[in-house]
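Here's the structure we're looking at; comments come further down.
Chain naming here is simple, since letters A, B, ... match the order of the sequence lines and numbering starts at 1 in each.
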Amino acid sequence: MAHARLITAYRAASAAVFAALPLLLPGQAHAHLADVGLGPFLDGLAHPFLSLPELAPLLALALCAGLAGPYAGRTLAVWLPATWFLASMAGLRGGFPADAPMLTGALSLVLGSGAAAGVRLPRMAVVALACVTGALLGLLDGGAMREAAAGTGVAAGITISVALVVVIIAGNGASLTRQWHRIAMRVAGSWIAALGLLSIGWAVRALQ
Amino acid sequence: MSRWLLTAAILLVAACGPAQAHEIAGEAQGFVHGFVHPLSGWDHVVAMVAVGLWGAQLGPPALWALPVTFPLVMAFGGFLGLAGVPLPGTEIGVALSALGLGLMVMMAARPPLWAAAALVGTFAVFHGHAHGSELAPGQDGLTYSAGFVAATGLLHLCGVGVGVVHRWPLGRLALRLCGAGIAAAGPVFLWLTLAS
């Protein structure tokens, strides 16, 4: 009974933190690194939570994994952070932009739509999505790190944040079995897909 | 859970302002601004709540399918507005959404799911286009968009929360009366649109 209460409290706290995230976002949806003033590792740790263009597809992918089941969460928790770290190291070498609104918007749209549809992804699909998402967002982070003259500490912080988000979202998602839990995750996915589409719209408007 | 939803619904609707969900130029910034925007006018609020009410009347899977359809298609309408694609009669469509959705709730209409989703989606395009074409560039549209997508979804949730009274005979009557009220507001919004 005490264990069940602890699990419920943990889930409530996780939900409250993620629900409050939008209020912590700065007025601008930075894809560039923010200096939180506590050193490069913590800058990296905070980065995914301060960058809505990256947070949205990350949450959507974690929701997809949570809806697919425990195997998907475990797979994602390994492949996504690893790919993200390697790609950010590659991006640090140069030649990649710090942000790409159309790309991150498209990722949010596709992954959010997948979550909204409640698709049960096979393992190889999870690996593929993890690699593609990790590579693309990691390269962008690498570009941002190069712009900010940041180093490996930032990359390490980002990687750990990504892993934490996957473990919390996908882990909770996989363990919630009631129908309304799954409906809530699918609704969250639809919101992220909507945000992705609007993000592409804003990028188109900026080009005009 | 039903009591919490009903309470949240009442508080959210009580926070609404005059019937003008139009954006003030230069203020498209921040999640909070975006969140408050759909709540700032009855024309948007009643349509969002009506989607939730109708979903509650229809029951699963429409209960969640309609509130999932609306934000997605609304975002498509917003995309068209942001991209500068014209959509004639946007404000008329927004006004008619209150009339159309209100009538559906008043009559407790039970069309096939695809027809209900198509109707909701059609109105959603107008709402989204109105948002997308009216918003000033501002400092950052993305967090603003996140705010108004979240607020739209929560308004649907309020409608679903109020719609839980559907399980009682008196509640079903109350829902249909709500629908009549929303439908009656439609011509008022239409008159305001045409007169301005």
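In this structure, the portion of A:I183 lying under 4.5 Å from any heavy atom of chain B is its side chain and not its backbone.
The two atoms that bring A:G91 and A:L139 nearest to each other are N-CD2, 3.9 Å, heavy atoms only.
Of the listed residues (A:L207, A:L195, A:V204), the one with the most heavy-atom contacts under 4.5 Å to chain B is A:L195. Among the candidates B:G128, B:A83, B:G81, the residue making the largest number of heavy-atom pairs closer than 4.5 Å to chain A is B:A83. Among B:G153, B:P60, B:P61, B:P67, the residue making the largest number of heavy-atom pairs under 4.5 Å with chain A is B:G153.
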TODO: Kindly indicate, with the supporting measurements, whether the criterion side-chain hydrogen bond (donor to acceptor under 3.5 Å, both in side chains) is fulfilled by A:H47 and A:S161.
DONE: CA-CA 8 Å; A:H47 175 66; A:S161 266; over 6 Å; no

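Side-chain atoms of B:Q57 come within 3.5 Å of backbone atoms of B:V105 as a donor-acceptor pair (strictly under, hydrogens ignored).
With rounding to the nearest 0.5 angstrom, the CG atom of A:L197 is 5.5 Å from the CG atom of A:L109.
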